[in-house]
Amino acid sequence: MLRTSFIRKNRKKVLFGLSKRKFHKIHLIDEILILDQKKKKVQYILNKISEKENLISKKISHLILKRGNSLQINSLKEESIFFKKKKKDLNIEFKNIVQNLEEKLNQIPNIPDEKIKEKNTEDAVWSPNNRTTTKTIEEALPHWELSKKFHLFSSDLGTKICRSGFSVYLGKVAKLQRSLIQYFLDQNIRASYLEYSLPYLINEMSVYATGQIPDKEDQMYFIEKDNLYLLPTGEVPLMNCFRDNLFTYKDLPVRATTYTSCFRRESGSYGSKVRGINRLHQFEKVEIIQITTPDTSYYYLDEMISHIKKILRSLEFPFRLIRLSGTDLGFSSAMTYDFEVYSIGQKKWLEVSSVSNCTNFQSNRLHLRYKTMTGEIDLCHTLNGSALALPRIMAALLENNQTKNQINIPKVLIPYTGFDYIK
RNA sequence: GGAGAGAUGGCCGAGAGGCUUAAGGCGCACGCUUGGAAAGCGUGUUCACAAAAAAAGUGUCAAGGGUUCGAAUCCCUUUCUCUCCGCCA
């Protein structure tokens, strides 16, 4: 959520930023500013009335203690009742304004960074080791064909016990998945991220604070009986661990990682996109987050990117990095990079990580603040990234390491799996 | 799920309708003292709100309502914590 004070001081900047997103409800900005003015006015009057009420109470108190005359006391009481009635009506008005203001503010996404353009040109894509993508395997099979050949996973079983869009991993692939999770966590911990093991059910406040409500409400599974959501990403419970924290500048950056399953309804996704394990309702993901000071957030964004690059290189993936354009940017993000790995069997790039700087957009709702060296209080910046999302990494790993008779395991994983091929 | 007891500042802890502007302690910061440190003494120390820097103001004792001229204190609702019973990996 943007701060109204920011919108007031940077109206043009906000409008320009929103235009890069092709955000159409621009009229909201001026409506917000008008409501904000109204709110201040009403709040000021309410304050003055409260001040008067407090003074009267004190006078009464003194009179009672000094055994003052009851006529005087009664007239003071009547005066106070008069103000009280006035306040009641104003209070209703005030609450309406606040609610209205919040509803409008909730619809405004974060302002993209200055570097972000509305549409991407070639320079937004960066392929550090493009030549490896030219590596070809004769008759490379997509992972669903490989699965038939080597008994890797079963979508039928997923459908049998749940519904379509759920998958069951078998034998060595099940262990390979555990190994990948363990490997990613180890890499993150080594890079000084603290591991958290978290609940998969989250309350409304948490979902609201990180910005999934109202933006992605329909993407989430909701348990009506207990008023809880299934987490769409580990970012939500992880970030919310820090909700309402007031840090000192010495505490920052906070670095945390978690492995969770993620649940997404993915309504409206059909066809080739959901083939095999490319897109599932439940998938495994290892997430990293950081909470930083405003002046260091882009430095740490770069650092997260090199961290993920390192992991992808160690697994010998051909990958590319894309800086998202304004129109592709997520609701809370000011800058996002997507990592895509090349999957030889499908002959296409698969998104395996999304790394974002949400600047102070999430911090505002999460009340993540810190004290500067001079003792001032300011909002933190938040960053999040996948390190990494499992099913697509798995798909690409299986496809890229296939030979005619077996699937080879990348070297760094063998200590985790205990085997070096699947056949 | 049933029965009871609780929730006060960074932490501990008093307060039970108006002399609370939340006692006292710990911690922290600064100062005095010292050759330096410890001890001692002094000062300060929640957060939020606006054109809000200073002075003043308003709100803030788990959250939201209510009673009252006046609520940390009384009433209602909700959330959370603890103890006991029940169920249970």
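First the proteins, then the strands, lettered A, B, ... as listed; each starts at 1.
Distance noted for atom P between rC85(B) and rA16(B): 35 Å (whole Å). A distance of about 30 Å separates the P atoms of rG31(B) and rC49(B), rounded to the whole Å. Look at the P atom in both rG59(B) and rG66(B): the space between them is 15 Å, to the nearest Å. Rounded to whole Å, the P atom of rA54(B) lies 26 Å from the corresponding atom of rC11(B). Using C1' as the reference atom, rC76(B) and rU20(B) are 26 Å apart when rounded to the nearest Å. Nucleotides rA56(B) and rU21(B), compared at atom C1', are 14 Å apart to the nearest Å.
Ile377(A) comes within 4.0 angstrom of the backbone, heavy atoms only, and of no base. At the heavy-atom level, Lys95(A) lies under 4.0 Å from the strands shown only through sugar-phosphate atoms. Contacts of Lys84(A) with the nucleic acid, taken as non-hydrogen atoms under 4.0 Å apart, include base atoms. Here Ser57(A) lies in heavy-atom contact (under 4.0 Å) with a base. The residue Ile56(A) sits apart from the nucleic acid: no heavy atom pair falls under 4.0 Å.
Base orientation for rA50(B): anti, the chi torsion being more than 90° from 0.
With no hydrogens or angles considered, no side-chain donor-acceptor pair links Asn405(A) and Tyr421(A) at under 3.5 Å. Residues Ser314(A) and Tyr183(A) bring a donor and an acceptor atom of their side chains to less than 3.5 Å of each other. Between the side chains of Asn110(A) and Ser333(A), no donor-acceptor pair of N or O atoms lies under 3.5 Å.
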Check the pair Gln362(A) / Ser332(A) against side chain to side chain donor-acceptor pair (under 3.5 Å), numbers first and verdict last.
CA-CA 7 Å; Gln362(A) 282 184 326; Ser332(A) 305; 4.6 Å; no
Verify salt bridge (charged side-chain N to carboxylate O under 4.0 Å, His left out) between Glu53(A) and Lys84(A), making sure each step is shown before the conclusion.
CA-CA 8 Å; Glu53(A) 278 184 338; Lys84(A) 212 177 162 184; over 6 Å; no
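Aromatic pair Tyr193(A)/His307(A): ring centres closer than 6.0 Å.
The side-chain hydrogen bond (donor to acceptor under 3.5 Å, both in side chains) test applied to Asn203(A) returns Ser206(A), not counting sequence neighbours.
A cation-pi arrangement, defined by a distance under 6.0 Å to the six-membered ring centre and an angle within 45 degrees of its axis, is absent between Lys48(A) and Phe83(A). With Phe419(A) as the aromatic partner, Lys175(A) does not meet the cation-pi criteria of under 6.0 angstrom to the ring centre and within 45 degrees of the ring axis.
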Dot-bracket summary - RNA chain B, pairs being Watson-Crick or G-U whose distances fall under 3.5 Å, with | when paired to another strand:
((((((((.[[[..)..(.....]]]((((((.......)))))).(((.......)))..[[[[[..)....]]]]])))))))....
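Using a 4.0 Å cutoff to heavy atoms of chain A, the contacted part of RNA chain B runs 5' to 3' from rG18(B) to rG70(B).
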